[in-house]
Amino acid sequence: MSTTLSPKHGHPSTSPTGAAAAVDQSILKEVQLPADADNLYTQTVTTMLQAAEIMGLPEHIRLILAQPKNEIIVHFPVRMDNGKYRLFKGYRVQHNNALGPYKGGLRFHPSVHLDDVKSLAFLMTMKCSLVGVPYGGGKGGIKVNPRDHSAAEMERIVRRFTSAIAHNIGPDYDIPAPDVGSNSQHMAWIADTYSFLSEVGGDNPAAVITGKPIEYGGSLGREKATGQGVVNTLVEMLPALSLRPEQCAFSVLGFGNVGSWSAKIFQEKGARLVAAADHTGFIRNDKGIDAADLAEHVGRGGGVANYSKATAITKDEFYKTKVEVFIPAALEQMIQEQEAGMLQCRVVAEGANAPTTPGGERVLASRGIEVLPAILCNAGGVTVSYFEWVQNKSFRSWDLERVDEELNRHMVRAAHRVRDARSHYKCDLRTAAYIAALERIAKAYAARGIFP
Ligand code: GLU
């Protein structure tokens, strides 16, 4: 079976000059990745291999990173409110721990599947390295739609899943967190369930997970952290495009945690939200939408649709809305060639993980639209997760000013590393971000060696 990526979908170019970095096909073959170029994991590894080629990453590190260390799949029964039982599927993928314990969220979504979780775990390895927190990468999830279940059912699902993976996670080994569909209440149930399994609990079992409620070991500023990091990145990167937040109109795809906080915080910096979209529909108001008011509307249930202070528009109208900044903050692979061709913006700030496909990216590049890559742009969440973990481990709590200040410092430092890699290697920002992340991992492997 050939593993050659078709030019239609593979990253054809990683440099503004159009020069393509050749991908080491022998590695794709050796680790037996699907030849399907639309496969998210194949796409993710291909991007890494292109960056690896440009920077001259040692061959054995490319090979190690091309597959996760562990892929755990569990099936577990849960009693529903009507007395019947259903069997659920859960995942935890531990991609790499060269820099520290595995770290990454748990996604509760009906379309969660292994390749998806593998890609997201891979991206966590890159993200943690780039932003300079001492973690590796992991990701997990449950194939479930939380909207289909009562709070009592969700509690039983989450607790039973926790017990199924309890021996595979730990405060010094693998530390989950929230992701799409999961929230601080779920994290509290996980920490509580884990703490009852005393033989795996350790001194402070709640440190097994981050994104907890403030009352139970959570950190101030964690809930807004990903959105805050998106805005920190924008503030740092916009001047290179001769833009300031006050001059920016912006649109947001996905109005959950990341989308709504990005919108509220960017608005506080003087930017104007003019269009928003989620699973319920697309809305626009050229005079501006109050992001805080829209977030409250969404928080009452439903979604952006039926928001009375904006007009319902079509999907095409949403993408064609003229803005300076577009923030995709929903799921992966949503900005494909078609969407990229419609966008009328200067910058795409990736709040979601892997929202842009290689094909979409190619179209954006050809149209001169800058992409702030997810492993930089949305790293604020895991950075404040790290602060939460440090607070748990040291039995201390930080005030919000300290959290915000340290987050900004991490984001700005990471942005500088990306900019430096870009000017050194003359490549696009995504490749530069991967190179900066890979450099740190390569140094750790050089110091540690490979056992035995
Ligand atoms: N799920 C978030 C992400 O994709 C946060 C992960 C974490 O805090 O560990 O970055």
Side-chain angles (χ1 to χ4, degrees), residues 40 44 91-97 99-109 112 116-142 169-184 186-187 190-191 206-213 217-230 232-233 254 256-259 261-262 328-332 349-355 372-392 403 406-407 410-411 414 433 437:
L40 184 61
T44 313
Y91 302 88
R92 188 69 189 168
V93 171
Q94 295 161 336
H95 177 260
N96 188 272
N97 60 352
L99 293 175
Y102 302 108
K103 184 84 188 84
L106 292 172
R107 177 169 295 197
F108 298 166
H109 194 275
V112 165
D116 207 32
V117 182
K118 281 174 66 173
S119 304
L120 296 165
F122 183 105
L123 292 171
M124 288 309 301
T125 301
M126 296 290 132
K127 200 185 297 189
C128 292
S129 173
L130 176 63
V131 88
V133 293
Y135 290 135
K139 200 78 168 201
I142 308 176
I169 58 176
D172 297 315
Y173 181 68
D174 182 358
I175 305 133
D179 195 76
V180 174
S182 57
N183 57 35
S184 60
H186 300 140
M187 302 303 113
I190 293 171
V208 72
I209 198 152
T210 58
K212 299 180 291 292
S219 176
L220 292 170
R222 174 61 186 88
E223 204 205 307
K224 64 171 179 148
T226 310
Q228 177 95 53
V230 169
N232 290 346
T233 308
N257 173 286
V258 180
W261 279 107
S262 300
L331 295 173
E332 304 81 52
E350 292 187 336
N353 288 308
L372 306 182
I375 63 167
L376 169 65
C377 205
N378 76 18
V382 73
T383 303
V384 178
S385 274
Y386 167 59
F387 301 159
E388 176 175 333
W389 184 75
V390 168
Q391 291 170 74
N392 292 165
V403 171
E406 297 230 7
L407 170 60
H410 275 264
M411 298 305 297

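One-based numbering, in listed order, for ligands and for the atoms of each.
Judged purely by atom type and a 3.5 angstrom limit, S129 has no side-chain atom pairing as donor or acceptor with the backbone of M126. Without hydrogens or angle criteria, H186 side chain to N183 main chain gives a donor-acceptor distance under 3.5 Å. Side chain of E388 to main chain of G211: a donor-acceptor pair is present (N/O by atom type, distance under 3.5 Å, no hydrogens or angles). Remark: the backbone N or O of Y173 is not paired with any side-chain donor or acceptor of N97 at under 3.5 angstrom.
R222 and S385 share a side-chain donor-acceptor pair at under 3.5 Å. No side-chain donor-acceptor contact under 3.5 Å links K118 and T44.
Given atom 7 (C) of ligand 1, the protein heavy atom at minimum distance is A177 CB, 3.3 Å. At the top of the distance list for atom 9 (O) of ligand 1, counting protein heavy atoms only, stands K103 NZ, 2.8 Å.
At least one heavy atom of R222 sits closer than 4.0 Å to an atom of ligand 1. Using a 4.0 Å heavy-atom cutoff, A225 is absent from the residues neighbouring ligand 1.
Atoms of ligand 1 found under 4.0 Å from any heavy atom of G381, numbered from 1 in the order shown, are 8 (O). Near M124, meaning under 4.0 Å from one of its heavy atoms, ligand 1 places the atoms 3 (C), 4 (O), 6 (C), 10 (O). Counting the atoms of ligand 1 from 1 in the order shown, those under 4.0 Å from a heavy atom of K139 are 1 (N), 3 (C), 4 (O). Atom numbering of ligand 1 starts at 1 in the shown order; those under 4.0 Å from a heavy atom of D179 are 1 (N), 2 (C), 4 (O). The G104 neighbourhood of ligand 1 comprises atoms 9 (O), with distances under 4.0 Å to a heavy atom of that residue. Every atom of ligand 1 is numbered from 1 in the order shown, and the set under 4.0 Å from a heavy atom of S385 is 7 (C), 8 (O), 9 (O). The ligand atoms of ligand 1 that sit less than 4.0 angstrom from a heavy atom of P178 are 1 (N), 2 (C), 5 (C). Residue-ligand proximity, K127 to ligand 1, at heavy-atom distances under 4.0 Å covers atoms 3 (C), 4 (O), 10 (O).
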task = Evaluate side chain to side chain contact (heavy atoms under 4.5 Å, CB included) for V131 paired with M411, printing each intermediate quantity in order.
result = CA-CA 7 Å; V131 88; M411 298 305 297; 4.1 Å; yes
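Residue H95 is tested with F122, Y135, Y102 for a ring pair (Phe, Tyr, Trp, His ring centres under 6.0 Å); the sole match is F122.
When side chains are defined from C-beta on, K103 counts as touching T210, because their heavy atoms get closer than 4.5 Å.
Here V384 has no heavy atoms under 4.0 Å from ligand 1, in either its backbone or its side chain.
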